[in-house]
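Have a look at the structure below before the remarks.
Residue indices begin at 1 and follow the sequence shown.
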Amino acid sequence: FVLGEEGELLIATARRKPAPPPPSDSYIFSLLSQLETQFGPEDKQIELMRAWRELSARVPMPDEVVFAPGLEVRDPTVTDEIVRVVSTLTHREPRCRATPFSDSDEDQNAATDLEHFLEATLHEAGTRILGLNTFRASVDAAVADGGGWTKFLYTPDTWEERYGLKLNRYLAELEDIDDPEERINRAARRFDDETEAAKKRAGPPFTWLAVDAATVYPVWHGGKLAEVIEVSERPALRTLDQYGMTIADGEIIEHIGQPLSQTEARGIPSTIRLIEHWTEDWVTYVLALKGGRNARSVKQWKHGYGRPPYFFAPGLMANNWRGRKVG
């Protein structure tokens, strides 16, 4: 609302900037190729660090000090230090902070309630995978890999039971009540009680996941995370079936008709690459064979988050390490 020259109240409308068109398969695959080259040295750094941590790299020993044939030495110093540091940093659960609007008791109590709500939500969302705590996994990655990457996703399927409850059902159960207002009020109370109970049973409809730093390729624009590509190796048959695809003559094509025969299945590799591409507006899933051949998008939609849902916690960073994905 703005004031005109005569003091009258005018309504000013602003046109929202249109969303960019969805990215194409060729753009995503070309971008991935560039990012794999750009972050190649950092991927190598992660690989070398993990080799030392997992004791798969042996300590070089000069022949003159080897007193038994075939003797190999592994040094657990790095492994022990990482375990010690991660255990120290994750000894207590993370705390959230909310700033109250004022110094009043009411606002202070509201801020405290919000802090506890956020802490409980993050803990629940970060422990949905059995045996994995996302907070500890991200700290472990920041210490060992040099960067902890996580993503926070809305998962409406978590509330399937809650969304399955409809007010009409409770209205139908109370048809014997003649007073319409009383009937609606009682049905609404029962509906609210049931939906609240269903939400409590399901937990918050969010998932907070730890992401392997070696599979993440970020694009920074103006200090902001503008695009992210995440690459993972998946079982080929299961993944192709999930997205209704198959492989024929070396091409990824849409699968129509009967399930794959044994002869057809033998021509399919054991694994396939799943490429997730996130922008501020779009998310695209692309399947690609090893070597990057025949990339094809299998799912694409506007996610509505307003930003890629990835979050970066860097390890130790040198001042000149700008635009890196690990420290």
Side-chain angles (χ1 to χ4, degrees), residues 18-40 42-43 46-47 129 147 149-157 207-221 224-257 259-260 264-265 267-312 323 325-326:
S24 63
D25 299 354
S26 58
Y27 168 78
I28 294 173
F29 192 73
S30 175
L31 178 62
L32 174 60
S33 178
Q34 296 173 30
L35 293 176
E36 286 181 325
T37 301
Q38 175 186 344
F39 291 107
E42 294 170 52
D43 288 339
I46 295 173
E47 180 184 346
I129 299 179
W149 285 89
T150 62
K151 62 181 175 182
F152 194 81
L153 302 173
Y154 172 54
T155 50
D157 292 349
T207 301
W208 185 30
L209 298 173
V211 182
D212 185 357
T215 67
V216 172
Y217 298 96
V219 177
W220 310 96
H221 285 166
K224 292 175 57 179
L225 191 62
E227 296 180 68
V228 174
I229 288 182
E230 181 183 347
V231 183
S232 57
E233 292 283 339
R234 301 289 182 89
L237 283 175
R238 175 70 185 90
T239 305
L240 290 167
D241 180 64
Q242 180 181 354
Y243 295 104
M245 294 289 168
T246 187
I247 297 176
D249 299 325
E251 299 283 341
I252 300 174
I253 63 172
E254 188 172 352
H255 178 66
I256 301 175
L260 292 175
E264 293 172 317
I268 294 177
S270 59
T271 61
I272 196 170
R273 296 179 95 190
L274 176 63
I275 303 168
E276 294 182 43
H277 176 247
W278 292 80
T279 68
E280 294 179 354
D281 301 289
W282 295 93
V283 54
T284 309
Y285 285 11
V286 177
L287 294 181
L289 300 177
K290 282 189 176 180
R293 298 175 291 118
N294 307 320
R296 171 164 179 165
S297 61
V298 292
K299 200 173 182 182
Q300 186 175 67
W301 73 96
K302 281 187 177 181
H303 53 70
Y305 294 154
R307 56 155 290 165
Y310 289 78
F311 299 86
F312 178 43
K325 68 173 182 175
V326 294

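Atoms CD and OG1, from E233 and T239 in turn, are 10.0 Å apart once rounded to the nearest 0.5 Å. For the atom pair NE2 of H277 and CD1 of I229, the computed distance is 5.0 Å after rounding to the nearest 0.5 Å. If you take CD1 on I247 and CD1 on I253, they are separated by 9.5 Å, rounding to the nearest 0.5 Å. The NZ atom of K302 sits 10.0 Å away from the OG1 atom of T279 when rounded to the nearest 0.5 Å. Rounded to the nearest 0.5 Å, atoms OH (Y310) and CH2 (W149) are 9.5 Å apart.
Not counting sequence neighbours, the partners of L153 by the side chain to side chain contact (heavy atoms under 4.5 Å, CB included) test are K151, L209, W278, Y305, P309. The side chain to side chain contact (heavy atoms under 4.5 Å, CB included) check on S297 picks up D25, T284, V286, with sequence neighbours excluded. Scored by the ring pair (Phe, Tyr, Trp, His ring centres under 6.0 Å) test, Y285 finds W301 as partners (sequence neighbours excluded). When the side chain to side chain contact (heavy atoms under 4.5 Å, CB included) test is applied to S30, the partners found at least two apart in sequence or on another chain are Q34. Remark: E36 pairs with L32, Y217, R273 by the side chain to side chain contact (heavy atoms under 4.5 Å, CB included) rule, at least two apart or across chains.
Nearest approach of P23 to I28, heavy atoms of both residues: CB-CG1, 4.2 Å. Across all their heavy atoms, L225 and P218 have their closest contact at CD1-CB, 3.6 Å. Here the shortest heavy-atom pairing between G323 and F39 reads O-CE2, 3.6 Å. The shortest non-hydrogen separation linking A213 to G147 is CB-O, 3.7 Å.
Counting only heavy atoms from C-beta outward, the side chains of V228 and F312 never approach each other to under 4.5 Å.
For residues 207-220, the set of pairs meeting the salt bridge (Lys or Arg N to Asp or Glu O under 4.0 Å) definition, not counting sequence neighbours, comprises R50-D212.
Checked against E280 for a side-chain contact (heavy atoms from CB on, under 4.5 Å), the options K224, H303, E227 give a single hit: K224.
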